[in-house]
Amino acid sequence: MSEAYNHAEIEERWTKEWEKNPVNPYDETKPKYYCLDMFPYPSANGLHVGHWRGYVISDVWSRYMLMKGHYLIHPMGWDAFGLPAENYAIKMGIHPAVSTAENVKNIKRQINQIAAIYDWDREVNTTDPEFYRWTQWIFVQMFKKGLAYEKEMPINWCPSCKTGLANEEVVNGKCERCGADVTKKNLKQWMLKITAYADRLLEGLDGLDWPEKVKKMQSDWIGRSYGAEVDFKVDGRDETITVYTTRPDTLFGATFMVLAPEHELSADLATEETREAVEKYIADAANKSNVDRLQNKEKTGVFTGSYALNPLNGAKIPIWLSDYVLADYGTGAIMCVPAHDDRDFEFAKKFDIPIIQVISKDGKEHGELTEAYTAAEGIMINSGEWNGMESAKLKTEAPHIIEKKGLGHAKKNYKLRDWVFSRQRYWGEPIPIIHCPKCGCVSVPEEELPLLLPDVEKYEPTGTGESPLAAIDSWVNCKCPECGADAKRETNTMPQWAGSSWYFLRYVDNKNDRELVNREQADKYLPVDMYIGGVEHAVLHLLYSRFYTKFLYDIGVVGFEEPFKKLFNQGMVTGKNGVKMSKSLGNVISPDDLVRDYGCDSLRMYELFVGPPELDSEWDDRGIDGVYRFLSKFWNLCMDNIDRNAPETPELKTLRSQLTDTITKRLNAFSLNTVVSGFMEFNNRLGKISAESGVDRETLKTYVFLLAPFAPHIAEELFHRLGGTGSVFSQSWPEADAAALVEETREIAVQVNGKMRGKITIAVDADEATAIAAAKEAAGKWITDNIIKQIYVPGKIVNIVCK
RNA sequence: GCCGGCGUGGCGGAAUUGGCAGACGCCCGGGACUUAAAAUCCCGUGGGAUUAUAUCCCGUACCGGUUCGACCCCGGUCGCCGGCACCA
């Protein structure tokens, strides 16, 4: 009886050995490969099997790159500032610094169970003053370049988290973190001018090897459009109202104008008769929450009593107010062409406003429109000097025509807004700004960074719009670094995204106390080659990181504009019926027990086997038995054959190359679930050969090498039992023998009238006559005398069509 | 509403992108070993018909099309998931 697979003993042995002698040799002579995980925030709940998946995927890929001969960078750190950590700390009554440190310890223990080859000497923590010193430094640089500025305006406010939020953090009118309805609050805020990078953020997407879905989400979020700003005079008054339109070609069809209720002229345009209704409408709109305004699709509006003049033909059009026009996009005012816009059409129908068609497919009018014709395809009509022109062409030319006539100008617009960067919370990086009564806003001198987050007794959010830091007089009161006058510190902190927007740069030079990152180190090891994480950061973290990187490129800190060359989004692991794992639902599956019962190697492989890595997968504990059985069987196969000295037959040589070829191809395609099934399939085939004539050591070795990134412990153990020295991870990735892969004969299917009727084994390059003859023999009983057609696709199929 | 993605056995999922549908695994059933159980090993396992070692029919959400041949391509319908949601 040979020795059975003992995962506990094997894994314990190699965990200790790898601690002493890490398998990543950091060989500087090899080309670098930087494989990055989205770093976790140290939650008190620890990791569940879903978190494991992403880390396993990145570790498999990292170990593969190592064996392919790279200098591997595979770091890990902690995104430890921010709301989740702070909310937990408040709930438990423990200082966030204390709870964060505890959670880091626990999650690090769990992450080590994965046996991932992280570079722990590169570890970073966003709450470490030596780290956030540079987070603050970046802010100071942005401030100096005018990209960080202070502004008072109504911003998104979460009444539950008691802090302002960025647009990106509001999902369907609700707080991205806690789900509470977001309201508006007028606050003086620090803003980052991400809009200055809108074009570069949009155009940079083209060259990225990212999922199309994520690129599209970012491009939609940036939302660039081309059009014109057109000036309309108000009839009988001095004011001019400027509107933004992407369809200046339809200008002759404008039959009314709508202003957002918040527009600065809204109240002013009311006449005596309309004043009461206008003021009521404005007040009602101001009281509506975001959610109400989003949900109420039925158009409402009020006529101001004033008229605007169409700049092209002087037509008098009524000016309305309606909350379907957004105050903070474009100019907050639009010209309305009901014939060619769905929303304007709906509004005109409801309030009985004339509809003038100006584009027609055939250049003719065919009675009243039943719906808006929104395509820019057709011939202009009812449009004065533009009649007869093609609308598509006019659409691009009109902005310039309007500009030449002095009626407005061509204009690009974006949905992207500047980034609301202040948080009225305690657990974040203090914004390094001093408010001086004489000099205004002054940045904290760089040599005084980090500006330490002071210790406080009360770190609960105040809800007043001020951060808890505002209550610490000794900290707030300071001298102006410019003029020495009594001054006050900024008391808001940065959002959680601040640290995560650049942490990946710090990994490559994490102990540098003079610069964010040494330029030489940055040039050598950056950018990130492979970034692995969930899709939930598609527009948040990933957009912010790209913005930061472009800024740091502009000031010469790094020499590249895009931080992440390739992105992979792993799917979520859910509980039964696709329900998200959560503590409150009690469906969280902890990896700890599974590691104990089945071992790390089995859990790693099952995490991959459970489904395609990019799709969500339902966790089913039972499936792990199959993977465990497979590893046991493979272990037994090796035990049975190690000292058997079975000959290396041509069959085994071919099989070994097929295995290498299959696994490598699937791995390269990131089809990790089929890699695992591939291993199983070949294991079954080898089992049969083993029972008959034995398996040679070379084949076993090849198998062990290929298995190593997936099940590192068992592979390392078997590598040594097969006589290997050093580590299996310093071995080269096997290459398939092309000659052994060439088949001479192949079994192909025979179809009659498209139905499978038999199989023949013939030479791969057999000629048609031979193939057809063989096929007729194999499937003769289905073939009649009346053959209409015979098809032979070499190496694939024969199909005989008969009546 | 708009834009993506998806729909294959009891279940998770394969199918080299137009060429043997259901690989691999789970579950389940039968058998071997055992005093017995667990573990392990072997066999079976899409549905149906039938005179059952054989043979035939149906089958990749649904309807239709292209093709010698369709899970794959085209047109339409339904359903699920995700993103955006008055951005003029």
Side-chain angles (χ1 to χ4, degrees), chain A residues 4 171-173 211-214 216-217 220-221 223-225 227 243-248 250 254 258 293-297 299 322-326 328-337 340-344 346-347 374 413-417 535-536 538-539 571-572 576 578 605-606 609-612 614-627 629-630 632-633 636 661-662 665-666 669 671 673-684 687 691 747-759 781 788-793 795-802:
Chain A
V171 180
N172 291 328
E212 285 307 316
K213 181 186 166 182
V214 176
K216 187 164 186 314
M217 279 167 76
D220 285 352
W221 189 261
R224 183 166 70 186
S225 67
V243 303
Y244 172 70
T245 177
T246 56
R247 297 296 302 277
T250 63
V258 176
R293 212 161 145 167
L294 283 170
Q295 273 167 358
N296 188 9
K297 295 280 183 171
K299 299 260 180 299
S322 175
D323 65 4
Y324 84 88
V325 174
L326 304 175
D328 59 352
Y329 180 78
T331 62
I334 60 169
M335 67 171 209
C336 299
V337 185
H340 304 287
D341 181 278
D342 291 324
R343 295 149 303 181
D344 298 348
E346 188 193 334
F347 195 87
T374 57
N413 245 322
Y414 305 90
K415 291 190 201 177
L416 183 71
R417 297 293 129 79
V535 75
E536 65 272 17
V539 284
M572 215 170 35
K576 264 274 150 261
M605 292 200 86
Y606 185 57
F609 190 54
V610 73
E614 71 280 8
L615 299 183
D616 292 352
S617 301
E618 275 180 39
W619 188 265
D620 181 355
D621 264 348
R622 285 178 302 193
I624 195 171
D625 285 311
V627 176
R629 281 175 204 143
F630 151 68
S632 301
K633 281 190 235 175
N636 293 336
D661 187 55
T662 302
K665 269 187 188 152
R666 293 181 181 180
S671 180
N673 53 326
T674 62
V675 167
V676 178
S677 62
F679 275 125
M680 290 172 169
E681 199 185 326
F682 278 90
N683 195 41
N684 293 342
E747 190 179 61
I748 68 170
V750 177
Q751 290 184 343
V752 179
N753 292 331
K755 282 189 178 157
M756 233 291 287
R757 294 301 188 188
K759 289 173 190 175
K781 65 188 276 197
I788 298 162
K789 203 168 182 178
Q790 306 178 124
I791 293 127
Y792 168 53
V793 184
K796 299 259 186 190
I797 205 159
V798 177
N799 190 11
I800 292 169
V801 186
C802 57

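Below, read A as the first sequence line, B as the second, and so on, with proteins coming before strands; counting in each chain starts at 1.
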Searching all strands shown, indicate the nucleotide that pairs with B:G18 (Watson-Crick or G-U wobble; both distances under 3.5 Å). none
Using a 4.0 Å heavy-atom cut-off across all strands, classify A:Lys415 as base, sugar-phosphate, or nothing. base
Under 4.0 Å, heavy atoms only, any strand: does A:Arg224 hit a base, just the sugar-phosphate, or nothing? nothing
Which part of the nucleic acid, if any, lies within contact of A:Asp344, taking any heavy atom under 4.0 Å across all strands shown: a base, the sugar-phosphate backbone alone, or nothing? nothing
Relative to the 5' end of RNA chain B, which residue comes earlier, A:Arg417 or A:Ser617, by the nucleotide with the nearest heavy atom? A:Ser617
Nearest-angstrom distance, P atom, B:C6 to B:C72: 13 Å
Give none if B:C73 has no partner; otherwise give the nucleotide forming a Watson-Crick or G-U wobble pair with it, both distances under 3.5 Å. B:G65
Identity of whatever pairs with B:C11 - Watson-Crick or G-U, under 3.5 angstrom: B:G25
Taking B:G46 as the reference, what is the distance to B:U60 when you measure between their C1' atoms (whole Å, please)? 11 Å
Against the side chain of A:Tyr329, the closest entry in B:C41, B:G83, B:A88 is B:A88
If I pick the P atom on B:C71 and the same atom on B:G7, what distance separates them, to the nearest angstrom? 14 Å
Sticking with atom C1', work out how far B:G75 lies from B:U66, rounded to a whole angstrom. 11 Å
Nearest to side-chain heavy atoms of A:Asn684, which nucleotide of B:C24, B:A14, B:G82: B:C24
Mind checking A:Asn799 for me? I need base, sugar-phosphate or nothing, with any heavy atom below 4.0 Å counting as a touch. base
Yes or no on side chain to side chain contact (heavy atoms under 4.5 Å, CB included) for A:Thr374 and A:Asp342, after CA distance, side-chain angles and deciding distance? CA-CA 7 Å; A:Thr374 57; A:Asp342 291 324; 3.8 Å; yes
Base orientation of B:U60, chi within 90° of 0 counted as syn, else anti, reads anti
Taking NZ, NE, NH1 and NH2 as the nitrogens, is one of them in A:Asp328 or A:Arg417 under 4.0 Å from a carboxylate oxygen of the other? yes
For atom CD of A:Glu618 and atom P of B:G10, their distance in whole Å: 16 Å
Checking contacts here: which listed nucleotide (B:A85, B:C20, B:C86) is nearest the side-chain heavy atoms of A:Trp221? B:A85
Atom C1', compared across B:C81 and B:G22: separation rounded to whole Å: 24 Å
N-glycosidic conformation, B:G31 - syn within 90 degrees of 0, else anti: anti
Could you check A:Tyr606 against A:Trp619 for ring-ring contact (aromatic ring centres under 6.0 Å, His included), going step by step and ending with a plain yes or no? CA-CA 10 Å; A:Tyr606 185 57; A:Trp619 188 265; 5.0 Å; yes
Need to verify one output field. Residue with the more 5' nearest nucleotide on RNA chain B, A:Ile334 or A:Val535? A:Val535
Counting any heavy atom closer than 4.0 Å, what does A:Val610 reach on the DNA or RNA strands: base, sugar-phosphate only, or nothing? sugar-phosphate
From the list B:C20, B:G12, B:C26, which nucleotide is the closest neighbour of the side chain of A:Ala749? B:C20
Searching all strands shown, indicate the nucleotide that pairs with B:U50 (Watson-Crick or G-U wobble; both distances under 3.5 Å). none
Go ahead and name the base partner of B:C6; Watson-Crick or wobble counts if both distances stay under 3.5 Å, otherwise write none. B:G79
Between the base of B:C3 and the side chain of A:Lys216, is there any donor-acceptor pair under 3.5 Å? no
Without decimals, in angstroms, what is the distance between A:Tyr414 OH and B:A88 C1'? 17 Å
Rounded to whole angstrom units, what separation is found between the CE atom of A:Met605 and the C1' atom of B:C24? 12 Å
In whole Å, measure the gap between the C1' atoms of B:A85 and B:A70 for me. 37 Å
Provide, to the nearest angstrom, the distance between the CZ atom belonging to A:Phe679 and the C1' atom belonging to B:G13. 18 Å
Please report the distance, rounded to the nearest Å, between NZ in A:Lys665 and P in B:A15. 13 Å
A:Val793 has its side chain closest, among B:G19, B:A88, B:C24, to B:G19
In Å, rounded to the nearest 0.5 Å, how long is the span from CG of A:Asp344 to NZ of A:Lys299? 8.5 Å
Look at the rings of A:Phe347 and A:Tyr324 and say which category their plane angle falls in: under 30° parallel, 30 to 60° tilted, over 60° perpendicular. tilted
Protein-nucleotide distance (A:Lys633, atom NZ; B:A39, atom P), rounded to Å: 14 Å
With heavy atoms under 4.0 Å as the rule, sort A:Thr662 into base, sugar-phosphate or nothing. nothing
For B:G69 versus B:C58, give the span between their P atoms, rounded off to a whole number of Å. 15 Å
Of the candidate nucleotides B:C27, B:G19, B:G13, which contains the atom at the shortest distance from the side chain of A:Asn673? B:G13
Does any nucleotide pair with B:A38 by Watson-Crick or G-U wobble geometry, both distances under 3.5 Å, and what is it? none
Report the glycosidic orientation of B:A52: syn if within 90° of 0, anti in every other case. syn
Could you go through the side chain to side chain donor-acceptor pair (under 3.5 Å) check for A:Thr674 and A:Ser671 one step at a time? CA-CA 6 Å; A:Thr674 62; A:Ser671 180; 2.6 Å; yes
Rounded to the Å, how far apart are A:Phe630 CZ and B:A23 C1'? 15 Å
When the P atoms of B:A61 and B:G9 are compared, how many Å lie between them, rounded to an integer? 8 Å
Nearest 0.5 Å please: distance from the CE atom of A:Met605 over to the CD1 atom of A:Ile624. 11.5 Å
Can you find a side chain N or O atom of A:Arg629 that sits less than 4.0 Å from OP1 or OP2 on B:G25? no
Any sub-3.5 Å donor-acceptor pair from A:Asp616's side-chain atoms to A:Met572's backbone N or O? yes
Measure from the side chain of A:Ile791, starting at C-beta and using heavy atoms only, and say which of B:A23, B:G19, B:A14 lies closest. B:G19
Of the listed B:A88, B:C20, B:C27, the closest approach to the A:Leu326 side chain comes from B:A88
Under 4.0 Å between a side-chain N or O of A:Ser677 and OP1 or OP2 of B:G13? no
Mind checking A:Glu681 for me? I need base, sugar-phosphate or nothing, with any heavy atom below 4.0 Å counting as a touch. sugar-phosphate
Side chain to side chain donor-acceptor pair (under 3.5 Å) for A:Ser225 and A:Tyr414? Distances and angles first, verdict last. CA-CA 6 Å; A:Ser225 67; A:Tyr414 305 90; over 6 Å; no
Going from CD on A:Glu681 to OG1 on A:Thr662, what distance comes out if it is rounded to the nearest 0.5 angstrom? 8.0 Å
Among B:G25, B:A88, B:G19, which nucleotide has an atom closest to any side-chain atom of A:Met680? B:G25
Of the candidates B:A23, B:A88, B:G19, the side chain of A:Tyr324 sits closest to B:A88
Euclidean distance, atom CG of residue A:Asp341 to atom C1' of B:C2 [Å, nearest integer]: 14 Å
